[in-house]
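Just below is one structure, and these are the notes that go with it.
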Amino acid sequence: MISRLFSPIALSMCCFPIMAQTEQVSNYQNDTFGYSFDYPSGWEIEENLESGTTTLYVPLAKGETIYKQLQLSVAQWEEGTLQEFIDVSFAEDVWRKLYPDFTISDLEEAENSQENTRSFEMHYSIDEKKVVMLCCLKQNYDRVYIILAASPQDEYNTYKEQFTRVINSLNIW
């Protein structure tokens, strides 16, 4: 008896189209500094037009104190290669003065295959809470586009995919 009841129900469920849930996406464009990117529509955006810095925040849940955020800024760099910019801007000894447990880890070689692009992760603590920051830098002529995406370590894997989608949507002109 149960098998007869189950069959029509299962059959009727198969007839309904299954729609994949898609995340709503917004687009941000900065004509002054020549970049645009897509980001999840529910995220808050803050821009500083003078500096060319744009920051995206994942809205904080009740009781949270550390933002999950992605920041894109632009730096003029005429002094050399992207690696030289990284050596100056991300010197480990300087960061360790701020965060004693600071470490940097390179990402897979496939992600670093372009000469003008570099990605790595920085690990440190804020008020005893472990944080991971995904860093992606792209050089375009005399500008370096610096993307820093941070979240608490225990939530990093949840947000890394979203951060990566924003980074991959970056269009520089």
Side-chain angles (χ1 to χ4, degrees), residues 18-30 33-49 51-75 82-83 85-86 89-92 94-114 116-140 143-173:
I18 299 173
M19 303 177 91
Q21 290 183 345
T22 57
E23 183 176 55
Q24 293 294 320
V25 177
S26 296
N27 182 269
Y28 173 82
Q29 184 166 319
N30 186 311
F33 290 91
Y35 66 88
S36 67
F37 56 82
D38 296 330
Y39 65 96
S41 296
W43 290 13
E44 299 166 12
I45 190 164
E46 181 181 294
E47 59 186 343
N48 182 325
L49 296 177
S51 68
T53 300
T54 305
T55 306
L56 300 169
Y57 298 97
V58 177
L60 286 176
K62 188 175 183 167
E64 287 184 318
T65 58
I66 298 177
Y67 277 101
K68 294 159 288 279
Q69 66 185 39
L70 181 143
Q71 182 179 69
L72 189 146
S73 56
V74 181
L82 182 59
Q83 184 58 50
F85 177 84
I86 291 168
S89 303
F90 295 92
E92 287 189 55
V94 173
W95 284 83
R96 280 203 185 97
K97 288 177 186 174
L98 297 169
Y99 308 106
D101 64 339
F102 177 83
T103 60
I104 290 180
S105 58
D106 275 318
L107 297 177
E108 299 293 320
E109 277 302 312
E111 294 184 46
N112 297 323
S113 61
Q114 297 177 352
N116 64 344
T117 301
R118 180 82 189 283
S119 297
F120 52 92
E121 291 177 346
M122 300 188 320
H123 304 259
Y124 54 95
S125 297
I126 298 176
D127 298 329
E128 298 183 25
K129 181 95 172 163
K130 298 270 187 200
V131 175
V132 179
M133 182 180 294
L134 173 61
C135 305
C136 181
L137 295 95
K138 296 182 181 210
Q139 186 172 22
N140 189 29
R143 289 184 176 168
V144 176
Y145 294 79
I146 307 157
I147 305 158
L148 305 173
S151 77
Q153 181 176 321
D154 58 349
E155 298 179 75
Y156 181 68
N157 287 333
T158 302
Y159 289 98
K160 184 178 179 181
E161 184 179 322
Q162 291 176 315
F163 292 153
T164 303
R165 281 197 303 261
V166 173
I167 292 166
N168 289 338
S169 74
L170 179 65
N171 181 26
I172 300 170
W173 59 89

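All of these numbers come straight from a predicted model, not from anything done at the bench.
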(message) Ignoring hydrogens, what is the shortest heavy-atom contact between Thr53 and Ser51? Give both atom names and the distance.
(response) OG1-OG, 3.0 Å
(request) Compare all side-chain heavy atoms of Leu134 with those of Ile167 and state whether any distance is below 4.5 angstrom. (result) yes
(request) On the 0 to 90° scale, with breaks at 30° and 60°, tag the Phe120-Phe90 ring pair as parallel, tilted or perpendicular. (result) perpendicular
(request) For the pair Phe163 and Tyr156, name the ring-plane relationship: parallel under 30°, tilted 30 to 60°, perpendicular over 60°. (result) tilted
(message) Would you compute the distance between atom NZ of Lys68 and atom CG of Leu60 and round it to the nearest 0.5 angstrom?
(response) 6.0 Å
(message) Any side-chain to backbone donor/acceptor pair from Gln139 onto Leu82? Under 3.5 Å, distance only.
(response) yes
(message) Quick check for you: to the nearest 0.5 Å, what is the distance between Gln71 atom CD and Leu56 atom CG?
(response) 9.5 Å
(message) Test your reading of the model: is there a side-chain donor-acceptor pair from Arg143 to the backbone of Phe33, 3.5 Å cut-off?
(response) yes
(message) Keeping Glu64 on the side-chain end and Ala61 on the backbone end, is there a donor-acceptor pair under 3.5 Å?
(response) yes
(request) Please step through side chain to side chain contact (heavy atoms under 4.5 Å, CB included) for the pair Glu47 and Tyr28, ending with a clear verdict. (result) CA-CA 10 Å; Glu47 59 186 343; Tyr28 173 82; 2.6 Å; yes
(request) Drop me the distance from Ile172's CD1 to Asn116's CG, to the nearest 0.5 angstrom. (result) 8.0 Å
(message) I need the minimum non-hydrogen distance between Leu170 and Phe37, along with the two atoms involved.
(response) CA-CB, 4.1 Å
(request) Apply side chain to side chain contact (heavy atoms under 4.5 Å, CB included) to the pair Val131 and Met122, showing each step before the final yes or no. (result) CA-CA 8 Å; Val131 175; Met122 300 188 320; over 6 Å; no
(request) First locate atom CG of Leu137, then atom CG of Leu148, and finally report the distance between them rounded to the nearest 0.5 Å. (result) 7.0 Å
(message) Restricting to non-hydrogen atoms, name the atom on Gly42 and the atom on Pro59 that form the minimum distance, rounded to 0.1 Å.
(response) O-CG, 3.4 Å
(message) Quick check: closest heavy atoms across Asp106 and Ser119, and the distance to 0.1 Å?
(response) OD1-O, 4.0 Å
(request) Search all heavy atoms of Trp95 against all heavy atoms of Ser89 and return the closest pair with its distance. (result) NE1-O, 3.5 Å
(message) How about CD on Glu161, more than 12 heavy atoms from neighbouring residues, nucleotides or ligands closer than 6.0 Å, or not?
(response) no
(request) Could you grab the distance from atom CD of Gln69 to atom CD1 of Ile45, nearest 0.5 Å is fine? (result) 12.5 Å
(message) Tell me if a side-chain donor or acceptor on Asp101 pairs with a main-chain N or O of Ser125 at a distance below 3.5 Å.
(response) yes
(message) Would you compute the distance between atom CG of Leu49 and atom OG1 of Thr54 and round it to the nearest 0.5 angstrom?
(response) 8.0 Å
(message) Tell me whether the count of non-hydrogen atoms from other residues, nucleotides or ligands lying under 6.0 Å of CG in Asn48 goes above 12.
(response) yes
(request) Using modelled atom types only, decide if a donor and an acceptor are shared between the side chain of Tyr35 and the backbone of Gly52 within a distance under 3.5 Å. (result) yes
(message) Checking the side chain of Ser151 only, and the main-chain atoms of Tyr159 only, is there a donor and an acceptor separated by less than 3.5 Å?
(response) no
